[in-house]
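Worksheet: one structure, shown below.
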Amino acid sequence: MVWRALLALLSSHVGLAQAFTSTSNLPALLVFENGTAISSTTQWAARRDELKSLTQEHILGTLPPQELYPTFQKAVLRNSSTTADSVGWAYVDLTFNANGSDVTMPIELIWQANTVANIAVPLFLTQWNHRDWGVVGVQRGWMLALYAGADTRDSSSDFRKAYPGATFRKILARAFVASRVLDFLLSDPAIPGVTIPKINASRVAITGHSRNGKQSLIAAAFDERITAVVGSSPGTPVSAPIRFSSPDFNGETVNFVSPGRDWWLPSVKDYFGREDEIPADGHMIIALIAPRHAMIATARSDGEGDVTFAGEQNVLACQAVYSLLEAPNALRVHYREGRHHGFVDPQVYFDWFDFAASVEGTQDLFPAITLPHEFNWDAWRAAQPRVELPMQSAPLQDRIAWLLGGKDVASAISPGAVGKTVFGAAYCESGPVGSEWDYKAALMMHDSFKTCSLPNCTHPMTRQSLSVGAFVTSSLFLPCSDLTCKEITKPLPVIIFIHGFAYQLGFTGIYGLYNGKNTGLISGLVQGLGVAVLALDMPGHGSRQTEGAANFYRRYPAGSMLGAMVGNIAAALDVIHCASPGASALVECHDGSVPSGPYAPLKLPLLDETRVTLVGYSLGAMVALHAAALLPHRIAGVAAFGGWSPLRDMAGTEFSYLLSHTHALVPRLGMFGDATVPSIDFPQSSVPYDYDELIASIAPSPVLLYAPLRNRFANAVAVKVAAVNASAAWGEEKTFTFVQPDAPSDFQDSEVTAAVNWVSETLSHL
């Protein structure tokens with residue numbers, strides 16, 4: 001009866017039924033909108049037209065009709081020179097007739113003036129603010145053409161005014177400007193007053209960074225005269241598809257669409273919280289470039305929306321198109337260290353352009369794609385021995401351990417470990433020797449939480465880098481003015497924060513937002529409540545991206561990443577134990593081999609291991625609930641924001657496939673059939689445990705389940721049924737709270753406030 005009542009109530013929610021039928025993975029590229037599969041290049045040509053229409057209609061805005069495209073009128077030389085080292089330079093105004101109006105735009109040309117006559121040179125296009133990149137190309141024999149398609153100089157608005165019937169927004173309009181430059185330069189032009197080299201039309205390349213990276217990829221998608229492109233940290237929605245850039249992924253969400261930016265159609269913002277319903281996505285733009293050479297160059301720790309996992313999903317989807325067109329080596333991802341604007345090497349971009357042209361000596365520069373988050377479930381399954389399901393009568397922990405790939409809890413949370421799990425010492429990663437031990441925390445900007453915008457932020461805050469367990473770098477945020485913590489007179493409660501699918505940033509990033517400021521949860525807890533917060537990057541995330549699925553399952557083929565994540569929480573609990581009253585005398589808390597110096601066991605302020613609570617969002621909620629079930633008596637309470645959906649009832653969602661295949665968290669879950677994945681070994685109904693039982697096992701400890709209705713990764717009906725079933729374990733206790741607001745899951749103002757308030761209330765009773 002409970003199930004039927006909840007089904008009737010929630011199914012009547014506006015938009016919920018539609019969300020159940022949408023797709024969280026990227027729409028297939030090699031399938032027409034009518035469902036017909038594509039198997040030939042002729043069919044692909046027609047599909048390209050569909051993709052152009054879809055991306056313009058739903059993201060970019062529409063271009064003018066091709067028959068009304070601008071026509072070149074004249075070129076006026078404004079200035080030119082030739083340097084002593086034979087570099088030619090010209091500043092030229094180009095005038096086009098655009099739908100009956102004259103539009104004049106500047107370009108700057110730089111080339112090697114000693115180029116042999118009648119020898120065509122390759123052309124490099126980029127925006128005005130990347131002049132220094134272009135100079136690298138000139139050194140390597142390219143002609144540089146800088147065009148006004150950037151914030152510093154921008155002619156796109158003039159073309160948009162000339163075509164009032166077109167809806168193209170700023171980014172597509174800037175790509176339109178790049179194509180007009182090609183109209184001129186590829187026409188073998190004459191510029192009165194200066195002679196420029198002839199252009200090799202078979203070698204036309206373009207690149208740009210950030211928003212300019214977006215427009216460079218779009219320019220290549222819509223202008224087939226461009227033979228090679230690098231999108232440098234382009235981000236959402238082009239290299240990082242919208243579906244994998246929502247708050248769950250710490251991405252540049254569709255909420256960044258604004259009139260002030262005017263980058264995309266305003267309607268894009270309407271898909272916030274239901275990103276899986278948008279008919280077009282960024283992989284369609286990349287696919288339009290095929291079979292020409294395209295590379296996405298991204299920073300591992302990009303904090304401005306270029307989600308590494310999203311970029312990989314894009315490339316994996318587009319590989320099918322490149323393979324169909326017999327160009328599998330023309331698509332690449334290039335990783336660099338650092339953040340959005342750091343460690344860019346344009347020399348690599350020109351290496352890619354040379355590779356695209358098969359320049360001698362470049363054939364081995366870009367080997368086959370290696371993606372740190374990629375996981376081949378079929379290959380994994382083929383290598384696994386046949387396993388028997390545990391009995392449903394077996395203890396819950398044993399059944400959980402089985403699904404996580406272990407024989408028992410210890411092996412499930414410590415893949416590859418031999419023998420008894422022991423307490424680990426806490427080692428200082430900044431220490432008395434200086435900041436070189438703090439390099440990871442500095443790179444990941446772990447000090448970006450120090451300004452509190454929540455009410456009643458009366459405490460100071462400082463941060464200590466820690467290495468816990470098996471080299472798990474983390475940060476401990478303390479309500480102290482400095483690391484001596486002299487003002488602390490009694491053991492501090494500790495909140496362990498567990499981030500979501502923030503592959504590129506880990507726990508840093510949007511998870512602090514409050515009132516639009518990146519300062520909410522951690523500062524709210526530390527400065528507002530005076531508690532300690534321990535935050536760490538999960539395997540494959542943030543500072544630990546190289547521990548992602550590709551490497552993890554090579555090293556631990558029988559384990560699971562979810563199990564390892566729970567193991568990381570266990571390691572964090574060990575550190576808290578070692579800093580608790582009386583624990584310093586325990587042999588397990590330090591190995592005794594390094595009595596002094598920068599590697600000595602760290603002396604932390606006293607922490608209270610009896611008042612440790614977990615706060616997890618998305619992925620972190622899943623980890624927190626499993627940790628509480630597998631590590632009883634060590635966790636005083638759990639607040640889970642989104643992140644889970646019943647395992648045995650997957651109707652209408654792709655949650656199971658996402659966990660086993662896409663994110664590779666629990667490969668064994670893929671052995672069970674559901675609505676989207678055919679049964680491999682076992683029926684879905686025989687999953688060894690489900691969330692109602694798991695959550696109930698945490699009783700009577702305080703639990704907050706914050707489960708927004710518009711969470712596209714969960715079945716809202718089944719979530720509520722599971723919560724109602726689990727709540728019975730608390731009996732008359734008032735410490736179980738289930739909230740299901742009519743909102744997307746984003747861990748912003750309302751959710752951060754709920755987390756802080758829950759922690760405050762929970763600690764008051766512990």
Side-chain angles (χ1 to χ4, degrees), residues 390 395-417 420-424 468-474 494-502 506-507 534-542 544 547-549 552-553 555-556 558-577 609 612-644 647 659-660 663-669 687-691 693-695 697-698 701 703:
L396 174 63
Q397 288 194 346
D398 290 349
R399 286 180 278 133
I400 296 173
W402 182 93
L403 193 63
L404 301 188
K407 296 179 180 179
D408 50 30
V409 172
S411 60
I413 68 174
S414 299
K420 178 180 179 292
T421 301
V422 298
F423 290 106
V468 305
F471 195 60
V472 177
T473 302
S474 58
V494 184
I495 288 78
I496 299 177
F497 172 62
I498 314 171
H499 60 75
F501 290 102
F507 73 83
L534 181 59
L536 57 158
D537 291 341
M538 293 287 102
H541 296 73
R544 304 174 65 194
E547 298 177 49
F552 181 89
Y553 290 104
R555 295 161 180 160
Y556 311 113
S560 73
M561 291 187 69
L562 180 58
M565 291 173 182
V566 173
N568 288 175
I569 302 304
L573 291 169
D574 292 344
V575 169
I576 296 169
H577 165 80
E609 66 175 327
V612 178
T613 57
L614 308 182
V615 175
Y617 167 61
S618 183
L619 165 66
M622 194 186 323
V623 175
L625 292 171
H626 280 80
L630 292 175
L631 305 169
H633 313 303
R634 304 190 68 184
I635 296 167
V638 178
F641 289 80
W644 64 277
L647 302 175
L659 293 182
S660 60
H663 295 293
L665 289 172
V666 192
R668 279 191 176 181
L669 192 58
V687 175
Y689 67 94
D690 217 329
Y691 274 99
E693 185 182 10
L694 182 146
I695 293 167
S697 74
I698 304 172
S701 298
V703 166

Where is the tightest heavy-atom contact between [X] and [Y], given as atom of each residue plus distance?
{"X": "Ala629", "Y": "Ser697", "value": "CB-OG, 3.6 Å"}
{"X": "His577", "Y": "Glu609", "value": "ND1-OE1, 3.0 Å"}
{"X": "Tyr553", "Y": "Gly559", "value": "CE2-O, 3.3 Å"}

Donor-acceptor pair, distance only, cut-off 3.5 Å: does the side chain of Tyr556 make one with the backbone of Ser414?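 Such a contact is absent between Tyr556 side chain and Ser414 backbone.
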Is a donor on one side and an acceptor on the other found under 3.5 Å between the side chain of Ser560 and the backbone of Val666?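 The answer is no, because no donor-acceptor pair under 3.5 Å joins these two groups.
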Would you give the length of the straight line joining atom [atom1] of [X] to atom [atom2] of [Y], rounded to the nearest 0.5 angstrom?
{"X": "Leu669", "Y": "Leu659", "atom1": "CG", "atom2": "CG", "answer": "6.0 Å"}
{"X": "Asp537", "Y": "Met565", "atom1": "CG", "atom2": "CE", "answer": "10.5 Å"}
{"X": "His626", "Y": "Ile413", "atom1": "NE2", "atom2": "CD1", "answer": "12.5 Å"}
{"X": "Gln397", "Y": "Tyr689", "atom1": "CD", "atom2": "OH", "answer": "11.5 Å"}
{"X": "Leu619", "Y": "Leu562", "atom1": "CG", "atom2": "CG", "answer": "7.5 Å"}
{"X": "Leu665", "Y": "Leu404", "atom1": "CG", "atom2": "CG", "answer": "10.0 Å"}

Among Val638, Thr613, Val615, Leu536, which residue satisfies the side-chain contact (heavy atoms from CB on, under 4.5 Å) criterion with Ile496? Leu536
Mind checking whether [X] and [Y] have side chains closer than 4.5 Å, heavy atoms only?
{"X": "Arg634", "Y": "Ile576", "result": "no"}
{"X": "Ile695", "Y": "Trp644", "result": "yes"}
{"X": "Asn568", "Y": "Val623", "result": "no"}
{"X": "Ser474", "Y": "Leu534", "result": "yes"}
{"X": "Ile635", "Y": "Ile698", "result": "no"}

Identify whether the distance between the nearest side-chain nitrogen and carboxylate oxygen of Arg399 and Asp690 falls below 4.0 Å.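 Answer for the salt bridge query: no.
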Suppose we screen for salt bridge (Lys or Arg N to Asp or Glu O under 4.0 Å). Which residues come up paired with Arg668, at least two apart in sequence or across chains? none
Which class fits the ring pair His541 and His499: parallel under 30°, tilted 30 to 60°, perpendicular over 60°?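 Judged by the thresholds at 30° and 60°, the geometry between His541 and His499 is tilted.
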